Amino acid sequence: MSLNESPTTAASAPRGKADAVPKDAAAVILVRETEGERVPEIFWARRGERMAFLGGFYAFPGGQRDAEDAATPVENSPDAETAAMIACAARELFEELGVLVARGADALTKGQLASVLDDLTSQRMSFPQLLAHYGLHLDARDFTFAGRWVTPPFSPRRFDTWFFLARCPRKQEPRVLTAEFESGEWTRATEAVGRWERSDALVAPPVLHALRVLSEGLTEETAARFLSVPQAHAQPVRRIEFMPGFICFPLRTPTKPPATHTNAYLVGHGDFVILDPGSPYEDEQAALAACVDELAAEGRAPREIILTHHHPDHVAGVDALRRHLGNHIRVAAHRQTAESLRGQVRVDRFIEDGDVIELAGEPALSLRAMHTPGHTRGHLSFYEARTGALITGDNIVGLGSVLIDPPEGSVRDYLASLERYRALLPHVKVLFGGHGAAVATPRAKIEEYIAHRLERERNILHAVCAGARTPPEIVARVYTDVPPKAHAMAERAVLAHLEKLEADELVARMADGSFIARAGERCGELNVS
Ligand SMILES: [Zn+2]
C-alpha cells in the first residue's frame, strides 16, 4: 500500500465486488474443413478436473488480455481495441495449443515453430517481439469476430470474452500445452452438439451457441449467425442450459458472500418445474417470470414451484411467481420446510424422500426427491437418473462454502447426506448447486466436501484435546485463516461439529456449556502434546 492510499478504504473494500468487474479476454474457435463435409470440425478441450471454475467442462482455448496485446501490430484491423483482442486471441491459441495463426508462419519448419513457442513461454521475448524477429505478422482477416460474451454474475471471476473463429493452418496440429486442459480433440460440430444433447459433455452458453452455428456449416452467413443473439453483444446471459432440460437461472439475492446470486432452475422439456425462485427484488422476479413465459411460449407447461429448503434467498420470489402464474401453480417442499415457512410462504404439497416427479416431454425427465438434511432439516435434493443430474441445493454449491448452523444445521445429518450423494456415483455427471456454476466433476467435488468436513472435525477434536473448551477458543486455534469479523459464523460451525462429536461420545458438554475431550485414545492418536 502506498502512503497516500487511505488504509480505511483498502480495508473496507469488499473483495468479491472488486473481482466482479468483467476482465477483457479472448477465445478462439479453431476450425478445419474436410473435403466433402459441409460441417467443419472444431477443436475443443476438456478443462482440468481441479479447475475451480467450470472444471470438467469442454471449452475453447483463450485467456485474459495482457499488457503486450495492445502493442502487437495487427494488419487490416478496424480499430485498436479489436486489434488488441485479436493479438490476445492469437497469443492464447499459440500458448495453449501450439497453433500460430500468423502470416508467414507457413514458411517455418516444425523445429522453428517449436523454438518460437519456447521463446514465448520462457519469456525470452514478448509476442510482438517474436513476430517481428521471425518476420511474421497478424492479420485481422484471419480472425472472424464471433461475438462478445460476459460471464454470468454467479462467478466472482468474470470475463468479457471476445470470440474469434480461425482456420487451423494446414501444416499445424493443435495439442494441449496448458494445465488448464486435461485433453483436447477435433470433433465435428454436429457431433459435439450431439454429445451435449446426450448429457455426455457440458459446455458454457457461448460454446453451445458456437457449436450450433457451426452445425449449419461454414457459409457466408456464419459470422452474422454468430452475432444473431443479444448475448453475443455482451448482453447478460440469463438462461444457462448447461445440460438439456436443466436451465440454470441465477437471480440476484441478498445471500452470503462471496455469492451474490442464488440459482433458480427450470427443469423439464415439456412439463417443467421451477426450483427456488429466491429473489426478493422486483426486477429479478420479472426476469424469471419472463423466462417462464418464454418456455410457455415454446409450448412447455409450468407445473409446480419446488423449494429445496426454506432459506430466504431460495424462497423470496415464490409469491411473486405464484401471482404471475395466476395463483394456479402449486408450491411443493418437504414438510419441515413448510413448517419453517409457516406464516410466510404457503406450501401446497409435501415432498417426501423417494417421491418421483415425472415431467412429460421429449425426452421425459424423472426427478427423484431425496431428503438430505444437514444444511437445514427439510432440505431436499433431486436426482435425474437418465441424465445423471443431481440438484444439490445448498448442500453442495459451485461457489463459496456451506454453512452448518445448529440447531437447524447438523454435521451428522450433513455427512450422511453427502454419503447418499457419494452412493449415486459413478452415475452422476453434474451437480447443480444453489450458488455458482454447475460442477462437472461430481466425484472430486463430493469427496472434497466429505474430506473437508472430516478434517475440520479432526482439527476441532484436536483443539479440545489440547484444552480449548469453548467455540471461541477453538476458532482461535483452528480457524487461523479466518478474519475476526467472520468468527461469529465460524463459532456456529464449530458448535455444529461439537454436537456431532458429543453424539459420537468423543467430547462431553459440561454444566457451564463448555466442552472437554472424552476421546481418550483418540487424543493420543491425534498426537496432542
Ligand atoms: Zn441455504
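Just so it is clear, the structure is predicted and the values come from calculations on it, not from any experiment. Remember, it's 1-based here, ligands and their atoms both numbered in the order they're listed.
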Suppose the cut-off is 2.8 Å; how many protein N/O/S atoms fall inside it around the Zn ion (ligand 1)? 4
CE of M51: more than 12 outside heavy atoms within 6.0 angstrom? yes
Aromatic plane relationship, H311 with H375 - under 30° parallel, 30 to 60° tilted, over 60° perpendicular: perpendicular
So is R47 actually on top of F53's ring, under 6.0 Å and inside 45° of the axis? no
Flag the pair H379 / H371 as yes when their ring centroid distance falls below 6.0 Å, and as no otherwise. no
Aromatic ring pairing W149/H209, orientation class (parallel under 30°, perpendicular over 60°, tilted between): tilted
If you take the centroid of each ring, where Trp contributes its six-membered ring, are F163 and F226 closer together than 6.0 Å? no
